[in-house]
Amino acid sequence: MSEERSLNFLEEIIEKDLAEGTHDGRVLTRFPPEPNGYLHIGHAKSICLNFGLAKKYNGKTNLRFDDTNPVTEDTEYVESIKEDVKWLGFNWAEELYTSDYFDKLYEFAVTLIKKGLAYVDDSTSEEIAAQKGNPTEPGTPSPYRSRSVEENLRLFEEMKEGKYRDGEKVLRAKIDLASPNMHMRDPIIYRIKHAHHHRTGDKWCIYPMYDFAHGQSDSIEEITHSICTLEFIPHRPLYNWCIENLEIFPSKQYEFARLNMNYTVMSKRKLLQLVNENYVNGWDDARMPTISGLRRRGYTPASIREFCERIGIQKRENIIDVSLLEFCIREDLNKTSWRRMAVLDPIKMVITNYPEGQVEMLEGENNPEVEGGDGSRLLPFSKELWIEREDFMENPPKKFFRLGPGLSTRLKHAYIVTCNDFVKDESGNVTEIHCTYAPNSKSGNDTSGIMVKGTIHWVSVPHAKTAEVRLYERLFKVENPASEEGDFKEYVNPDSLQVISQAFIEPALADDFNPEHRFQFIRKGYFVMDKDSTPEHLVFNRTVTLKDSWAKEVKKG
RNA sequence: AGCCCGAUAGUAUAAUGGUAGUACGACGGUUUUUGGUACCGUUUGUCUUGGUUCGAAUCCAGGUCGGGCUACCA
């Protein structure tokens, strides 16, 4: 946390409240997900904001499930949301549910009716829509708008008692049919739904609408700063109207711009489609922008928090470049992950002057970024090695620093080798590379005086273990799939997942069976052991590649 | 159409009436037993037209562009 960073607009508001003694210097925020889907990176922004603000100003944050619509909500989502918030590193003060307040909310509605500020309407949904008018023309009163308080009280109670079918009646606030704000034209505040609720069961058959539940829930909890996204700005007058007319604790709503990121989609509806239509393998597919997907991909909580810190908080629409997220995870993993060697696309190399049957155990530091290397592991070295196919070129260009006829290169943590020969099969594919090594060029003990520019990774053939490796690319081919013509799913990248069923890995990688452990496969990228792994069948997911300036060089031609 | 919100390099984000800065990206270089990391450098910006002011990214007015709202979703 940099002390010098300037305040965002919400911090300014809070500091002003603190300075003026509003709420006696108390700060209480809340994170209010609806349990109808998995959390994604956009929610992470909101989580970091709400919990971060509270932490910064010695306040607290409630986790409140906004569960007012029983037909879309489920405990499966409650559990995943709790797990994701915890995984991100945040602790809520209280775990609450809007459904905890259904009794109180019902009483609030009764209060409004008694004040002549709400009425039961028998109009159909189409009729109500028509009554709303349009932005240029005022709405027209429902024929039921002038029902007496007594009648409204009776009908509302009957609604609660289940005397009516779904949609037969609603409770509407009586506000202003001519308001330029459509939300103020007698909004529906209670509707009938004979549906089983994941927490209250069958106790209720009427449920409050968002606008009649959210502000009051904030107020009941005495939330000081209720932070939501921009699309709720037009709801704010209604939020305030409810609180004022109910004469309850004056929580205040503030809005910030939601996160958008390129090469992905960020709406629960679209993510649900990708899951349901099998474009991905579930909500936690490593290509998904969900928290659980990012976790499976190998992202760390710290990297996501850092990302949220860097993107800032503002009110303008934005589309963040995914390269910033990738920067954050590389920055974290570079400092924390152990280096290991894995050959993903193998070709055999034979060291012709290395004694047959000889094995040397070479030492390799775990992480050069850490003082002392963060310990080390032993690497078996022998006459036959697997190396990466792309590290050999039959006709290498001038600036190619790896292997080719007559070229020398360093084997990481081992010796310098020089390529003398190679073998091709009938169809012209290179199948084997023959090299000689310089015995006095051993890493850490090099007296050969040979200077090479390149270093490549390798795995000893007789000692190699195998693993499945999943290489991920961005899920979409275009920057903003949601804004393209046609169905966004047409823009799914068909190469977003490439499975290598048998890669060769150094033995140390197999010694320590530990799903979710993250490694850097030297020169190939950061990888995480997937939860599908068993000790007999290891699976690694590529989190992100290393920056590759050679690839750029090649691209330029 | 009416109302609401917004507009600073490619993308984000500062500058709160006083030198337009930072990060990511891109480009170039130094170092390097990872073509990684680290370090150095280069590039590109205040939507527009007026006004207020000694001085405007900032304040005011008009325009333009982008987004939102007109669900018995949240």
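Proteins get letters first, then strands, A, B, ... in listed order; numbering begins at 1 in each.
For A:Arg410 (side chain) and A:Lys453 (main-chain N/O), no donor-acceptor pair under 3.5 Å exists by modelled atom type. Listed for the A:Asp67 side chain is a donor-acceptor partner under 3.5 Å among the backbone atoms of A:Ser99. The backbone N or O of A:Ala257 sits less than 3.5 Å from a side-chain atom of A:Lys45, completing a donor-acceptor pair.
Across B:rU53 and B:rC59, the matching C1' atoms stand 10 Å from one another, rounded to whole Å. Nucleotides B:rG66 and B:rG55 are separated by 34 Å at their P atoms, to the nearest Å. Between the P atoms of B:rU44 and B:rA61, the separation comes to 34 Å (whole Å). Rounded to whole Å, the P atom of B:rA23 lies 28 Å from the corresponding atom of B:rA56. Nucleotides B:rG62 and B:rG6 are separated by 15 Å at their P atoms, to the nearest Å. Across B:rU46 and B:rA7, the matching P atoms stand 15 Å from one another, rounded to whole Å. The separation of B:rC65 from B:rU8, taken at their C1' atoms, amounts to 15 Å, rounded to a whole angstrom.
Taking a pair to require two hydrogen-bonding distances under 3.5 Å in either a Watson-Crick or a G-U wobble arrangement, B:rU48 pairs with B:rG62. The partner of B:rA26 is B:rU42, by the rule that a Watson-Crick or G-U pair needs both atom distances under 3.5 Å. Pairing for B:rU53 is absent, judged as Watson-Crick or G-U wobble with the two contacts each under 3.5 Å. With a 3.5 Å ceiling on both atom-pair distances, the Watson-Crick or G-U wobble partner of B:rG2 is B:rC69. With a 3.5 Å ceiling on both atom-pair distances, B:rG36 lacks any Watson-Crick or G-U wobble partner.
Positionally, the nearest nucleotide of RNA chain B for A:Met182 lies more toward the 5' end than for the other of A:Met182 and A:Asp211. Nucleotides of RNA chain B nearest to A:Arg236 and A:Asp321 differ in position, and the one nearer the 5' end is that of A:Arg236.
Taking the six-membered ring where the residue is Trp, the centroids of A:Tyr239 and A:His235 are separated by 6.0 Å or more. A:Phe401 has its ring centre no less than 6.0 Å from the ring centre of A:Trp550. The aromatic ring centres of A:His197 and A:Phe102 sit less than 6.0 Å apart.
Geometrically, A:Lys169 engages A:Tyr164 in a cation-pi contact defined by less than 6.0 Å to the ring centre and at most 45° from the axis. Judged by the 6.0 Å and 45° rule, A:Arg474 forms a cation-pi pair with A:Tyr263.
Protein atom OH of A:Tyr210 is 11 Å distant from nucleotide atom C1' of B:rC73, rounded to whole Å. To the nearest angstrom, C1' of B:rC72 lies 17 Å from CH2 of A:Trp204. The distance between atom CE of A:Met209 and atom P of B:rC72, rounded to the nearest whole Å, is 6 Å. If you measure from atom NZ of A:Lys555 to atom C1' of B:rG25, you get 13 Å, rounded to the nearest angstrom. Put simply, CD1 on A:Ile188 is 11 Å from P on B:rA74, counting in whole angstrom units. With rounding to whole Å, A:Glu11 atom CD is found 13 Å from B:rA14 atom C1'.
Dashed line: the shortest gap from a side-chain N or O of A:Gln314 to OP1 or OP2 of B:rA14 is under 4.0 Å. Phosphate proximity of B:rA74 to A:Arg191: present, with a side-chain N or O under 4.0 Å from OP1 or OP2. Residue A:Arg316 places at least one side-chain N or O under 4.0 Å from the OP1 or OP2 atom of B:rA7. Regarding contacts with the backbone of B:rC27, a side-chain N or O of A:Lys552 is found under 4.0 angstrom from either OP1 or OP2.
Across all strands shown, A:Ser123 has heavy atoms under 4.0 Å from base atoms, whether or not it also approaches the sugar-phosphate. Within 4.0 Å (heavy atoms only), A:Thr72 reaches no atom of the nucleic acid at all. Counting non-hydrogen atoms under 4.0 angstrom, A:His214 reaches nothing in the nucleic acid.
Under the ring-ring contact (aromatic ring centres under 6.0 Å, His included) rule, A:Tyr190 has a single partner from A:Trp204, A:Tyr207, A:Phe156, which is A:Phe156. For the pairing with A:Phe527, the ring-ring contact (aromatic ring centres under 6.0 Å, His included) check across A:Phe521, A:Phe540, A:Phe519 returns one residue only, A:Phe521.
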### Query
Quick one: what's the B/S/- string for nucleotides 29-47 of chain B, heavy-atom cutoff under 4.0 Å, read 5' to 3'?
----BBBBS----------
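With distances taken from any side-chain atom of A:Val170 to the nucleotides B:rA23, B:rA74, B:rC72, the minimum falls on B:rC72.
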#### Entry: Criterion salt bridge (charged side-chain N to carboxylate O under 4.0 Å, His left out) on A:Asp121 and A:Arg147, from CA distance to verdict
CA-CA 9 Å; A:Asp121 195 337; A:Arg147 286 218 254 234; 5.7 Å; no
Show me the protein contacts with nucleotides 57-68 of chain B, counting only N or O atoms at under 3.5 Å.
{"unit_1": "B:rG67", "atom_1": "O2'", "unit_2": "A:Glu317", "atom_2": "OE2", "d": "3.1"}

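A:Asn318 and A:Arg258 share no side-chain donor-acceptor pair at under 3.5 Å.
With hydrogens and angles ignored, no donor-acceptor pair under 3.5 angstrom links the side chain of A:His183 to the base of B:rA71.
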